[in-house]
2 protein chains.
Amino acid sequence: MTPVNLKSLAEQLNMSIATVSRALRDSHEVSEATKARVRALATALNYEPNAYASSLRRNLSKTIGVVIPKVANHFFALAINGIEEAARQSGYHVLIYLTHDDYAREVSIVQHLKGGRIDGLLMSVASGTEDFAHIKSLQETNLPIVFFDRVCAEVPTAKVTTNDYESGYRATEHLIQAGCQHIAHLLISNNLSIGQFRQQGYLDALQAHGRAHAPDLVLPGVMDNEQNVVLIRELLQRRPDIDGIFASVERLAISTYHVCRELGRRIPDDIKIIGFSNLEAASLLAPPLSTITQPAYDIGREAAKILLRAVEKKKPVLPSQSLVLESTLFERDSTARR
Amino acid sequence: MTPVNLKSLAEQLNMSIATVSRALRDSHEVSEATKARVRALATALNYEPNAYASSLRRNLSKTIGVVIPKVANHFFALAINGIEEAARQSGYHVLIYLTHDDYAREVSIVQHLKGGRIDGLLMSVASGTEDFAHIKSLQETNLPIVFFDRVCAEVPTAKVTTNDYESGYRATEHLIQAGCQHIAHLLISNNLSIGQFRQQGYLDALQAHGRAHAPDLVLPGVMDNEQNVVLIRELLQRRPDIDGIFASVERLAISTYHVCRELGRRIPDDIKIIGFSNLEAASLLAPPLSTITQPAYDIGREAAKILLRAVEKKKPVLPSQSLVLESTLFERDSTARR
DNA sequence: GCAGCTACCGAAAACGTTTGCGTAAATAAA
DNA sequence: TTTATTTACGCAAACGTTTTCGGTAGCTGC
């Protein structure tokens with residue numbers, strides 16, 4: 001069985017490889033008659049151009065990379081959904097890499113991407129990452145990068161985020177208006193910029209409503225879920241007066257539900273909870289969870305579109321192309337006034 | 001700025017390209033002394049081999065493809081997690097494609113994969129797919145394929161699934177033992193083999209317990225969620241005697257919760273529900289949902305391992321390498337006896 | 001009849017890597 | 001000493017595609 005490539009096609013058609021290639025790319029330097037002959041044979045033999053030869057020659061892979069902390073999370077899953085959609089529409093392929101929020105793994109992945117495997121990168125940095133040299137070094141190879149959600153402030157490029165400050169502010173204000181006196185903030189991580197924005201919103205909302213800020217009401221989450229449960233239990237036992245919780249990330253809200261059930265705290269009677277979440281079943285929880293829901297699909301799609309525009313036009317991605325999308329606050333029973 | 005490739009390295013080291021290449025691949029045909037010199041410069045200049053040149057020459061891309069219906073679904077997200085883990089351990093990259101359960105899209109994706117972009121394929125077929133010619137044709141190019149969960153019976157290769165028949169049987173039996181008289185089955189799709197297995201388990205369990213089988217109690221789900229809500233509402237209104245529901249897929253269980261809430265049916269008092277689901281928050285629902293939970297992460301990882309073994313050894317994947325993993329039944333309040 | 005077009009096509013050089021083969025020197029065996 | 005064998009490296013041909021640089025026709029307008 002002979003391989004079906006440009007050479008074999010050219011031989012069967014009695015023409016040069018160059019002509020076959022041009023015919024398939026619909027070049028104007030080839031007559032309609034020969035184009036038709038070439039196309040007929042190509043489809044008959046199910047010809048598909050070798051992606052690697054093409055990529056090598058054109059220095060273009062038609063592939064983008066996505067580096068994210070995890071995929072088993074509705075936010076990132078939806079984001080990938082949007083990314084894949086945008087990529088498919090432009091004929092691009094999507095390579096996926098998971099850091100599991102591990103700095104060393106992130107560095108290793110980013111280093112490997114220097115091999116020219118991708119034309120552009122979409123990234124949401126690991127929560128443990130503090131040094132961004134690996135990313136900067138990648139950007140210096142002229143690879144376009146767009147950050148989404150967990151952005152890296154130090155790298156000058158476009159970022160797609162949500163209005164995290166306002167969301168933190170509104171969530172906190174919502175708890176205040178529901179009657180909460182002592183509101184804790186369960187933070188993602190200390191060094192993520194989105195976490196800092198949400199934290200600032202929380203602080204400003206407290207201040208605007210004349211509440212004192214107690215530093216021991218802010219709990220930075222960790223990677224491990226079991227560990228988080230322990231930390232939250234500790235917090236609720238140390239400060240039994242806490243009657244409101246703002247969780248900056250879904251899994252912390254879920255962990256809080258478990259802890260409350262364990263400690264016999266009634267939601268929303270004893271304690272009210274609101275959290276960032278893209279959980280579809282939020283309205284079916286007991287009680288239904290009030291959420292700040294990010295437009296995850298749109299974040300992914302818009303980030304990909306910005307990246308792909310830059311890739312296609314061979315222009316760098318500018319910080320000015322950054323986008324801020326709006327989250328939505330859904331009031332449900334977990335913050336109901338009683 | 002000169003590019004950093006084998007040629008530039010060779011020039012700076014005053015040796016041939018071949019030697020540099022061999023040194024970096026740790027060939028025994030190169031002295032330790034020169035290896036050291038080469039490696040030193042390579043790391044100093046942050047050399048990363050061009051993936052496409054290498055792939056072209058070796059006819060190996062170190063990349064596998066994953067074709068799945070969707071990613072915004074905890075089962076598939078976990079499966080990808082397992083796949084990525086196995087791939088990373090073997091130094092492979094993961095390309096991801098979503099069919100959105102659309103046959104035409106699946107065909108188009110599979111056709112594109114003939115370009116040699118991947119060394120192997122992991123696939124969960126779209127629920128609408130009835131003709132498998134596109135997959136067979138891809139397999140004829142000697143590309144190793146491994147199916148997982150939503151397998152394709154007609155293609156002779158390895159498949160990684162769960163014990164779907166037994167799970168369907170046990171779920172149905174569980175409802176019977178909880179006191180249900182009229183049990184409906186909400187099916188994924190008529191032409192998926194896993195759906196047929198679950199359905200057969202449902203039927204056999206009914207028969208084993210002397211229950212008559214009413215064909216109008218079996219509802220094949222559709223793609224659209226809104227549509228499913230309508231169908232389920234219709235079913236519950238047409239057959240008000242239904243007091244047990246076995247949902248073959250998570251979103252049908254969720255839709256059933258919504259319908260029950262809307263119609264004022266109390267779970268589990270009026271109607272009991274069990275469903276296939278990987279929802280983490282299942283225990284926090286109102287009421288907590290009884291589930292058959294598939295080992296999604298393991299399914300993905302094992303499928304990837306089988307595929308990668310075949311790829312590395314350049315041997316075809318045999319149907320005899322198929323694997324059946326066990327699902328777990330979690331009893332929760334949605335099927336509690338009252 | 002001739003320069004200047006256009007329309008079509010082919011030869012060949014890239015892209016960066018891997019690898020079969022050749023070969024010189026060094027070492028071992030005879 | 002001569003003859004194998006090993007060690008360490010270079011040359012050059014691939015892999016399949018794209019693209020530059022032509023080149024040959026057949027036109028047009030003068």
Side-chain angles (χ1 to χ4, degrees), chain A residues 2-39 41-42 45-63 91 112 114-119 141-142 314, chain B residues 2-39 41-42 45-63 91 112 114-119 141-142 314:
Chain A
T2 60
V4 40
N5 51 24
L6 288 186
K7 192 174 167 191
S8 72
L9 287 182
E11 278 168 6
Q12 293 179 60
L13 290 165
N14 265 324
M15 52 179 82
S16 76
I17 295 177
T19 303
V20 178
S21 172
R22 279 193 274 248
L24 291 173
R25 317 198 109 258
D26 203 21
S27 157
H28 60 278
E29 293 192 63
V30 104
S31 72
E32 285 305 323
T34 44
K35 272 185 196 172
R37 283 183 59 211
V38 172
R39 279 198 277 252
L41 187 65
L45 297 186
N46 248 318
Y47 168 75
E48 196 70 29
N50 183 296
Y52 295 110
S54 173
S55 297
L56 175 60
R57 176 56 227 246
R58 315 210 313 170
N59 201 21
L60 261 186
S61 63
K62 280 271 179 188
T63 303
H112 274 296
K114 285 184 191 158
R117 200 176 276 271
I118 56 174
D119 296 339
T141 67
N142 288 322
K314 296 184 192 300
Chain B
T2 60
V4 40
N5 51 24
L6 289 186
K7 191 173 168 191
S8 72
L9 287 182
E11 279 169 6
Q12 292 179 59
L13 289 165
N14 267 324
M15 52 180 81
S16 76
I17 295 177
T19 303
V20 179
S21 171
R22 280 192 272 248
L24 292 172
R25 316 198 112 257
D26 204 22
S27 158
H28 61 277
E29 295 191 63
V30 167
S31 72
E32 285 304 323
T34 43
K35 273 185 196 172
R37 283 183 59 211
V38 172
R39 280 199 276 253
L41 187 65
L45 297 186
N46 247 316
Y47 168 75
E48 195 70 29
N50 183 297
Y52 295 111
S54 172
S55 297
L56 175 60
R57 176 58 226 248
R58 314 212 310 167
N59 200 23
L60 262 187
S61 63
K62 281 273 179 184
T63 304
H112 274 295
K114 286 185 190 155
R117 199 176 276 273
I118 57 174
D119 296 340
T141 67
N142 288 322
K314 295 183 192 302

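Fair warning: this is a prediction, and the values are worked out from it, not measured in the lab. All chains are named by letter (A, B, ...) in the order of the sequence lines, taking the proteins before the strands, and each is independently numbered beginning at 1.
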Worksheet item: So what does B/N59 touch, heavy atoms closer than 4.0 Å: a base, only the sugar-phosphate, or nothing?
Response: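 No contact.
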For the side chain of [X], starting at C-beta, report the closest nucleotide among [options].
X: A/S54; options: D/dT17, C/dT17, D/dC21; result: D/dT17
X: B/E29; options: C/dC21, C/dC8, C/dT19; result: C/dC21
X: B/N50; options: C/dG16, D/dC9, C/dG10; result: C/dG16
X: B/S31; options: D/dC9, D/dT18, C/dT19; result: D/dC9
X: A/R25; options: C/dG10, C/dG16, D/dT18; result: D/dT18
X: B/A18; options: D/dC9, C/dT19, C/dT17; result: C/dT19
X: A/T34; options: C/dC9, D/dC15, D/dC9; result: C/dC9

Practice prompt. Examine the base of D/dG10 for any acceptor or donor lying under 3.5 Å from a partner atom in the side chain of B/R22, and report the outcome as yes or no.
Written response: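 In this structure, the two groups form a donor-acceptor pair.
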[N], OP1 or OP2 - any side-chain N/O from [X] closer than 4.0 Å?
X: B/Y47; N: C/dT17; result: yes
X: A/S21; N: D/dT18; result: yes
X: B/T19; N: D/dC9; result: no

Calculate the interatomic distance between [X] atom [atom1] and [N] atom [atom2]; express it in whole Å.
X: A/L6; N: C/dA11; atom1: CG; atom2: C1'; answer: 15 Å
X: B/N5; N: C/dA14; atom1: CG; atom2: P; answer: 14 Å
X: B/I17; N: C/dC15; atom1: CD1; atom2: C1'; answer: 12 Å
X: B/E11; N: D/dG10; atom1: CD; atom2: P; answer: 13 Å
X: A/L56; N: D/dT18; atom1: CG; atom2: P; answer: 11 Å
X: B/K7; N: D/dG10; atom1: NZ; atom2: C1'; answer: 16 Å

Worksheet item: Taking 4.0 angstrom as the limit, do A/D119 and A/K314 come out as a salt bridge?
Response: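 Salt bridge flag = no for A/K314 with A/D119.
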Worksheet item: Which atom names give the shortest non-hydrogen contact between B/S8 and B/P3, and what distance separates them?
Response: OG-O, 3.1 Å
Discussion item. If you compare all heavy atoms of A/S21 against all heavy atoms of A/L6, which two are closest, and at what distance to 0.1 Å?
Written reply: CB-CD1, 3.8 Å
Item to complete: Tell me, yes or no, whether the heavy-atom count around B/N46 atom CG, taken from other residues, nucleotides or ligands under 6.0 Å, exceeds 12.
Response: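 Buried by this count: over 12 neighbours within 6.0 Å.
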Practice prompt. Apply the test side-chain contact (heavy atoms from CB on, under 4.5 Å) to residues A/D26 and A/R39: give CA-CA distance (whole Å), side-chain angles for both, the deciding distance (0.1 Å), then the verdict.
Written response: CA-CA 10 Å; A/D26 203 21; A/R39 279 198 277 252; 3.7 Å; yes
Item to complete: Could you say whether B/H28 or B/A53 is positioned toward the 5' end of DNA chain D, judged by the nucleotide with the nearest heavy atom to each?
Response: B/H28
